[in-house]
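Below: the structure, in structure tokens.
No hydrogens, no waters, no symmetry mates; every other heavy atom, side chains included, goes into these values. A, B, ... follow the sequence lines: proteins, then strands. Residue 1 opens every chain.
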Protein chains: 2
Amino acid sequence: MNAPVSAPVLTKNQSLVFDVLNRTDAPMSAYTILDKLRDHGFRAPLQVYRALDKLLEFGMVHRLESLNAFVACAHPESECCGHGHGHGSVAFAICESCGHVSEFHDHEVDHRLSDWAKRKGFKPAKTTIEIRGLCSACAA
Amino acid sequence: MNAPVSAPVLTKNQSLVFDVLNRTDAPMSAYTILDKLRDHGFRAPLQVYRALDKLLEFGMVHRLESLNAFVACAHPESECCGHGHGHGSVAFAICESCGHVSEFHDHEVDHRLSDWAKRKGFKPAKTTIEIRGLCSACAA
DNA sequence: CAATTGATGTAATAACATTACATATCAAAA
DNA sequence: TTTTGATATGTAATGTTATTACATCAATTG
Ligand SMILES: [Zn+2]
Ligand SMILES: [Zn+2]
Ligand SMILES: [Zn+2]
Ligand SMILES: [Zn+2]
């Protein structure tokens, strides 16, 4: 129920995809990533999707459901809940103007949603929390 | 900042789409809706998407981002926050086994997310909260 | 070595959504 | 009543996102 303690060894394609995502703080679609990697021999969407699947599994990348796009995990190393956000879920604030994404964790939100689930007998597998709006810079 | 007080008058296409969604509690994709309405003269995706856009605007339908699908609004008539969920956001628990969707509102969750936004100077426009997992029936 | 496993390459197709343009409807304004 | 503007609709084409199917390659292991 948590990410590997040590960083997993990435395959060549996984590294390439992760590096592309890690070099920008804006989310990217799989096809945009594909285009960025044509020079490195990428030809087909599946090369990207397969790498993304693994990176998601490793917890190194997040999928933004409301955007059909992906970002490198950017949560602070020493989050309140210790090693990564293995046990808690994460929320994203997405600026619709500049595309900037803030990743954060709110323990209390997590708790409230877990409580609701427990009361209803619902077994959560994955929670998505995304706030679309304007970042402080763009709202000014 | 809230849905119309009285139910809006729906056009023919809007009614057709809403009725389809309202007759099942499971989410449906736009193309599934299209197929259900072929008999009623629907031929193209846009007929569905246009109706959905309006129904979303009216607050009668919700889009499930993690599913690329739509459900009729099912929140209890007398929610804690009065008339519909005009001022608050709504959360969904989605069963990955049977497809059942529960819509609920948690004031405290809303508050925590708003607080975070306020602290960061982020101006929220729309918030998505979706919990994927197993409903009580399917988890048993 | 054979067998297994995981990663990769490629093509084709499926699923979801929008753009562009034409036409229709209806109610206010002239 | 005719014009005008706003909203709704019909249709085709296209764009974007994601998966299926199948072949190949490389490292591991019994
Ligand atoms: Zn993260
Ligand atoms: Zn911004
Ligand atoms: Zn609702
Ligand atoms: Zn279920």
Side-chain angles (χ1 to χ4, degrees), chain A residues 4 7-21 26-58 60-71 92 94 96 99 101 126 128 130 132, chain B residues 4 7-21 26-58 60-71 92 94 96 99 101 126 128 130 132:
Chain A
V9 176
L10 300 184
T11 68
K12 184 176 169 239
N13 285 3
Q14 287 158 21
S15 291
L16 287 167
V17 169
F18 182 71
D19 287 351
V20 166
L21 281 176
M28 282 182 127
S29 78
Y31 278 76
T32 302
I33 296 169
L34 174 57
D35 285 339
K36 297 249 180 200
L37 290 175
R38 299 253 182 222
D39 294 346
H40 294 267
F42 274 46
R43 313 290 314 276
L46 202 49
Q47 296 176 281
V48 175
Y49 282 112
R50 286 202 274 227
L52 285 172
D53 282 348
K54 286 297 184 182
L55 293 169
L56 288 167
E57 187 183 318
F58 298 154
M60 299 173 68
V61 160
H62 299 288
R63 177 184 167 83
L64 299 178
E65 301 289 352
S66 69
L67 243 40
N68 293 333
F70 304 84
V71 284
F92 300 91
I94 303 167
E96 308 203 281
V101 174
K126 178 162 194 290
T128 296
E130 296 175 16
R132 309 270 303 254
Chain B
V9 175
L10 300 184
T11 67
K12 184 174 167 242
N13 286 3
Q14 288 158 20
S15 290
L16 287 167
V17 168
F18 182 71
D19 286 351
V20 166
L21 281 176
M28 282 183 126
S29 78
Y31 278 75
T32 302
I33 295 169
L34 174 57
D35 285 340
K36 297 249 180 201
L37 289 176
R38 299 253 182 221
D39 295 345
H40 295 267
F42 275 46
R43 311 290 313 278
L46 201 50
Q47 296 176 283
V48 176
Y49 283 112
R50 286 203 274 228
L52 285 172
D53 282 348
K54 285 298 183 182
L55 294 169
L56 289 167
E57 186 184 318
F58 299 153
M60 298 173 69
V61 159
H62 299 288
R63 177 183 168 83
L64 300 177
E65 301 288 353
S66 69
L67 243 40
N68 294 334
F70 304 83
V71 284
F92 299 91
I94 303 167
E96 308 204 280
V101 174
K126 177 163 194 291
T128 295
E130 296 176 16
R132 309 268 304 253

For [X] and [N], give me the distance from atom [atom1] to atom [atom2], rounded to whole Å.
X: A/Asn68; N: C/dA15; atom1: CG; atom2: P; answer: 16 Å
X: B/Phe70; N: C/dA15; atom1: CZ; atom2: P; answer: 16 Å
X: A/Gln14; N: C/dT8; atom1: CD; atom2: C1'; answer: 11 Å
X: A/Lys54; N: C/dG6; atom1: NZ; atom2: P; answer: 8 Å
X: A/Leu16; N: C/dA7; atom1: CG; atom2: P; answer: 15 Å

Return the [atom1] to [atom2] distance between [X] and [Y], rounded to the nearest 0.5 Å.
X: B/Leu16; Y: B/Leu21; atom1: CG; atom2: CG; result: 11.5 Å
X: A/Ile33; Y: A/Gln47; atom1: CD1; atom2: CD; result: 12.5 Å
X: A/Lys126; Y: B/Ile94; atom1: NZ; atom2: CD1; result: 11.0 Å

Item to complete: Could you check which of C/dG9, C/dA7, C/dC16 has an atom nearest any side-chain atom of B/Tyr31?
Response: C/dC16

Fill in: Over all atoms of both residues, closest heavy-atom pair of A/Ser66 and A/Arg132
O-NH1, 2.9 Å

Worksheet, complete the sentence: Nearest heavy-atom contact between A/Pro27 and A/Leu64 is CB-CD1, 3.8 Å

Worksheet item: Is the base of C/dG6 touched by the side chain of A/Arg50 through a donor-acceptor pair closer than 3.5 angstrom?
Response: no

Worksheet entry | side chain to side chain donor-acceptor pair (under 3.5 Å) against A/Ser15, all qualifying residues, sequence neighbours excluded | none

Worksheet item: In chain order, what residues pass the side chain to side chain donor-acceptor pair (under 3.5 Å) check against B/Glu65, with sequence neighbours excluded?
Response: B/Arg63

Worksheet item: Are B/Ser29 and C/dC16 close enough that a side-chain N or O sits under 4.0 Å from OP1 or OP2?
Response: yes

Which donor-acceptor pairs under 3.5 Å do the side chains of residues 49-56 of chain A make with protein atoms, sequence neighbours left out?
none

Worksheet entry | Which residue lies more 5' along DNA chain C, comparing A/Ala51 with B/Ala30 via nearest heavy atoms | A/Ala51

Worksheet item: Near DNA chain D, which residues from residues 40-49 of chain B have a heavy atom under 4.0 Å away?
Response: B/Arg43, B/Ala44, B/Leu46, B/Gln47

Discussion item. Which residues pass the salt bridge (Lys or Arg N to Asp or Glu O under 4.0 Å) test with A/Asp35, not counting sequence neighbours?
Written reply: A/Arg38

Discussion item. For A/Arg63 and B/Asn13, find the nucleotide of DNA chain D closest to each by heavy atoms; which residue's nucleotide sits nearer the 5' end?
Written reply: B/Asn13

Worksheet entry | Nucleotide range of DNA chain D lying under 4.0 Å from chain A heavy atoms | D/dT17 to D/dA21

